[in-house]
K.L.:
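Next up is a structure, given as structure tokens.
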Amino acid sequence: MKFSTLLLTSALSIFGKGVSATDSQTPICTPDLGNSIDDGFHARFYKYIYPDYAREMSDEDYITKGYKRDDRFITSKTGITDVNFFHFYNLNPNGPTYGVVNGLNITTSNFTVEYSGWFVPKETGDHVFQIGQTDDGTSIEIYDDNYSLCCGMIVHRTVIQSLQIYDNEYIKKQSIHLEAGVPYPMKIVYFNKDRVAIQDISFVDPSGETHKSFDGFAKYYNDVKCKN
Ligand SMILES: *[C@@H]1O[C@H](CO)[C@@H](O)[C@H](O)[C@H]1NC(C)=O
Ligand SMILES: *[C@@H]1O[C@H](CO)[C@@H](O)[C@H](O)[C@H]1NC(C)=O
Ligand SMILES: *[C@@H]1O[C@H](CO)[C@@H](O)[C@H](O)[C@H]1NC(C)=O
């Protein structure tokens with residue numbers, strides 16, 4: 001339910017492992033993204049135990065930060081450009097439903113996935129990011145700059161969040177002005193508590209073309225370093 005937000009963040013927390021600050025006290029520092037670049041996002045899969053996690057915290061707290069706990073981490077995958085799925089049929093009434101998400105056999109009835117990386121626009125102009133159907137929740141964050149990766153300073157980010165179930169097709173969207181060729185840190189978090197698992201994310205580029213996949217637009221920098 002939040003759109004554009006200005007916040008104070010502890011920088012290193014957004015991507016977790018792989019980013020290291022040389023001096024977290026220095027107020028201004030610049031990230032060096034390095035030369036080790038993967039195509040696509042990295043996906044990190046976590047458990048969702050229902051109803052335990054729902055009792056522990058609100059859906060909004062869970063999707064914003066609560067999901068990320070080492071003891072609930074399952075596995076990760078690289079090179080992901082398709083973040084959408086539709087697991088609606090053949091639900092198992094007597095236990096978890098298994099299915100495949102990004103090549104991983106997982107309990108589609110109850111799981112969490114975080115896609116992270118950088119969005120690299122092909123054209124300069126307004127990009128409209130959209131969350132259509134989701135069950136139980138999707139959050140997209142796009143950062144205006146790389147500073148969030150380093151200094152732990154104030155950063156600007158756009159947050160598009162949708163917490164709902166599949167038959168509520170309320171669409172959340174937000175337009176963001178982006179520059180061609182500039183890598184913008186981006187994160188998508190999804191969770192499903194129980195049964196149906198659906199996520200439908202798309203973006204419209206400045207030419208008006210709708211993209212359901214991040215193929216050609218997503219990168220992951222493996223070796224980010226923070227320097228003064
Ligand atoms: C959910 O998935 C896990 C596997 O991560 C499984 O062990 C658990 O029993 C499942 N069921 C519920 C209701 O959370
Ligand atoms: C996924 O794992 C479950 C539980 O181990 C298994 O029953 C099922 O056959 C597997 N599905 C696929 C597509 O490998
Ligand atoms: C992130 O850092 C890279 C390398 O310094 C730079 O080229 C790029 O413009 C930065 N991205 C943003 C959104 O400022």
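Counting starts at 1 for both ligands and their atoms, following the listed order.
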K.L.:
State plainly whether the residues Lys225 and Asp223 are in salt-bridge range, i.e. N to O under 4.0 Å.
P.N.:
yes
K.L.:
Between Lys212 and Asp82, does any NZ, NE, NH1 or NH2 come within less than 4.0 Å of an OD or OE carboxylate oxygen?
P.N.:
no
K.L.:
Just heavy atoms, cut-off under 4.0 Å: does Tyr48 contact ligand 1 by side chain, backbone, both, or neither?
P.N.:
backbone
K.L.:
Taking only heavy atoms of Lys47, which atoms of ligand 1 are found under 4.0 Å from at least one of them?
P.N.:
5 (O)
K.L.:
Extract all donor-acceptor atom pairs below 3.5 Å that involve side chains of residues 86-96 and protein atoms in other chains or at least two apart in sequence.
P.N.:
| unit_1 | atom_1 | unit_2 | atom_2 | d |
| --- | --- | --- | --- | --- |
| Asn92 | OD1 | Asn94 | N | 2.8 |
| Asn92 | ND2 | Pro96 | O | 3.1 |

K.L.:
Show the short N or O contacts, below 3.5 Å, that ligand 2 makes with protein N or O atoms; if there are none, say 'none'.
P.N.:
| unit_1 | atom_1 | unit_2 | atom_2 | d |
| --- | --- | --- | --- | --- |
| ligand 2 | 2 (O) | Asn105 | ND2 | 2.4 |
| ligand 2 | 11 (N) | Asn105 | ND2 | 2.9 |
| ligand 2 | 14 (O) | Asn105 | ND2 | 3.2 |

K.L.:
For the side chain of Thr124 and the backbone of Ala180, is there at least one donor-acceptor N/O pair under 3.5 Å apart?
P.N.:
yes
K.L.:
For the aromatic rings, using the six-membered ring if either is Trp, is the centroid distance between Phe217 and His211 under 6.0 Å?
P.N.:
yes
K.L.:
In plain terms, say whether Lys193 and Asp135 are close enough for a salt bridge, that is, a side-chain N and a carboxylate O under 4.0 Å apart.
P.N.:
no
K.L.:
Taking 4.0 angstrom as the limit, do Asp144 and Arg157 come out as a salt bridge?
P.N.:
no
